[in-house]
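For reference, the structure discussed in these notes is given below.
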Amino acid sequence: MKTDYDLIVAGGGLAGMIAAHSASHYSNQKLSILVIDRNSPILLGSKSINGWVCGDAVSKEAVDYMGSRIKVNWGFPEIEHKVKGVMALSPDRETSIPFDGDGFLLNRQQLPQTQFKEAQKRGINVEFEINLTGLLYDGNQIVGVEGLNKKTNQPYKKTAKVVIDATGVTSMLRNQIKNTTKMERRIDRTDLESTGRHIMYFEQGEQDLTEFDPDYCLIHLDQDIAPGGYGWVFPKGKNKVNIGLGVEKTLLDKRNKRLGKHDDVSGLINQYVARNKAIKNPKLSTDPADLHNATGNFQVSVRRQNDCMVANGFMLVGDSAWMPKPLDAGGIGPALIAGTIIGKNVAHAIESGDVTEKGLWQYNVDYINEYGYKTPGLEVFRRLLQMLTNDQINYGMKHFLGNMDVESISKGEHPDFSMVGKMGMLIRGVLNKKLADGLRYTTQQNKWLTQHYRNFPTTPDGFDDWHKKLLKTMNDSYEHLAKWEN
């Protein structure tokens with residue numbers, strides 16, 4: 001079948017654009033590529049009317065991964081500030097644990113403009129203000145997209161050999177897919193966190209590195225401030241900050257009941273800003289580079305990536321594939337890695353003439369081997385952490401985290417909690433013994449899950465059996481933790 005393009009990327013956000021850049025790079029710019037975005041050029045890739053709601057932080061390692069492979073390099077103004085790492089603080093602020101590793105704070109309004117210029121340099125076509133509502137099929141093969149051109153109010157259709165879905169966590173394309181039973185369509189609401197943040201300028205208040213540090217991204221773990229998630233204070237300069245928090249809705253409801261309150265995410269953020277003594281007289285940024293992005297709320301996934309990310313003529317990347325890290329909801333790093341990988345896989349599949357599920361399957365394998373193997377164990381660990389009281393978090397951070405565990409978390413891996421085993425009978429209190437048992441359990445489950453993902457089937461034929469075993473272990477883990485909580 002003759003198509004309009006070799007490749008259509010649905011969604012011109014961070015992951016979608018990197019996928020397009022990568023496909024262009026690995027095909028030596030031989031592929032005809034179209035990126036379709038629902039926004040106007042100035043709002044390219046915006047998640048919602050609130051802008052590009054995000055913590056804006058990414059490791060230097062992930063940026064270098066992309067840069068060295070597909071020759072996309074970022075600098076000022078899309079990189080706004082450099083940091084030395086992340087500092088996690090216990091609810092009582094008595095324990096602060098540094099996760100060292102250089103990182104960047106991005107300007108998410110500026111970055112899409114840089115990506116657009118790069119796309120133009122690489123001969124990639126971009127169409128704006130198109131609302132995509134569905135996929136086009138030829139039998140069991142996806143061959144394009146359809147929707148509405150908002151500028152002309154006319155129906156819109158374009159065909160391609162492959163469609164990459166980068167339209168975000170609530171993707172209509174993934175939700176409606178008809179040619180596979182392997183790909184999950186919808187996400188469980190307990191695997192979503194409601195997040196919000198402000199980008200603000202402020203005057204220097206009290207000097208307190210547990211409240212603001214120009215060299216470190218601060219994370220506050222506190223079930224009263226951010227139930228089921230965490231608060232963050234990420235520096236964008238000496239007097240500029242990305243400050244926000246994420247919560248899990250059912251845990252917020254429990255917290256409100258426990259404290260006799262009726263707070264929502266927006267109210268919690270404003271309280272979080274107000275109680276920060278290092279940030280005096282904060283005001284939302286009015287910089288032109290933050291004009292459409294100074295404040296907003298959005299939802300982010302905190303689970304393993306979709307267990308199958310390909311179908312005949314169709315692939316998922318970024319938030320559409322639920323790639324943000326289960327432990328901290330960081331989505332930029334996985335998007336850079338996945339966008340780089342998917343471009344290589346799709347270029348090879350198109351050039352080899354096999355864009356069926358089988359021909360695209362290597363993308364599943366490559367992403368899992370590079371990054372995805374870490375995520376199921378972290379999903380189980382995250383569920384345990386969400387059940388902890390502040391006292392348990394204080395105790396666990398003070399006594400159970402060793403240097404090796406910190407190093408594992410820095411790499412986005414499950415810690416093995418070696419200190420827990422060494423402490424034995426020294427652990428005080430019934431709740432802390434229970435916590436120790438929980439940490440040992442998640443470590444044990446992680447070992448099995450990591451090995452299972454290392455044995456991910458190399459062809460679609462083995463997927464159903466592999467997936468049944470995975471779901472049984474994940475469900476057993478959830479049931480065990482539900483009993484643990486009670």
Those residues at least two apart in sequence (or on a different chain) that pass ring pair (Phe, Tyr, Trp, His ring centres under 6.0 Å) with Phe202 are Phe212
Can you sort out the partners of Trp361 under ring pair (Phe, Tyr, Trp, His ring centres under 6.0 Å), two or more places apart, ordered by chain and number?
Phe456, Phe463
Per the side-chain hydrogen bond (donor to acceptor under 3.5 Å, both in side chains) rule, which among Arg197, Lys47, Gln110 passes with Asn293?
Arg197
Return each pair, listed once, that meets side chain to side chain donor-acceptor pair (under 3.5 Å) where at least one residue sits in residues 219-239; pairs must be two or more places apart or across chains.
Asp56-Lys236, Glu80-Lys236, His220-Tyr272, Asp222-Asn390, Asp224-Arg258, Trp232-Asn242
Partner of Thr375 by side-chain hydrogen bond (donor to acceptor under 3.5 Å, both in side chains), out of Arg304, Gln305, His414, Arg382:
Gln305
Residue pairs meeting ring-ring contact (aromatic ring centres under 6.0 Å, His included), one or both in residues 43-73, sequence neighbours left out, come to none
Distance-minimising heavy-atom pair for Pro235 and Val83
CG-CG1, 3.8 Å
Kindly indicate whether the side chain of Gln299, heavy atoms from C-beta on, has any atom under 4.5 Å from the side chain of Ser194.
yes
Does Lys240 have more than 12 heavy atoms from other residues, nucleotides or ligands lying within 6.0 Å of its NZ?
yes
Less than 4.5 Å apart, side chain to side chain, heavy atoms only: is that true for His348 and Lys344?
no
For the student: nearest non-hydrogen atoms of Phe314 and Asp165, plus distance
CZ-CB, 3.5 Å
Applying ring pair (Phe, Tyr, Trp, His ring centres under 6.0 Å) to Phe116 and not counting sequence neighbours gives Phe128
For Lys182, does the NZ atom have more than 12 heavy-atom neighbours from other residues, nucleotides or ligands under 6.0 Å away?
yes
Going by the rule ring pair (Phe, Tyr, Trp, His ring centres under 6.0 Å), which residues pair with Tyr201 if we only count those two or more places apart in sequence or in a different chain?
none
Go through the steps to decide whether Glu61 and Lys411 satisfy the test salt bridge (charged side-chain N to carboxylate O under 4.0 Å, His left out), and finish with yes or no.
CA-CA 10 Å; Glu61 185 181 16; Lys411 292 177 185 169; over 6 Å; no
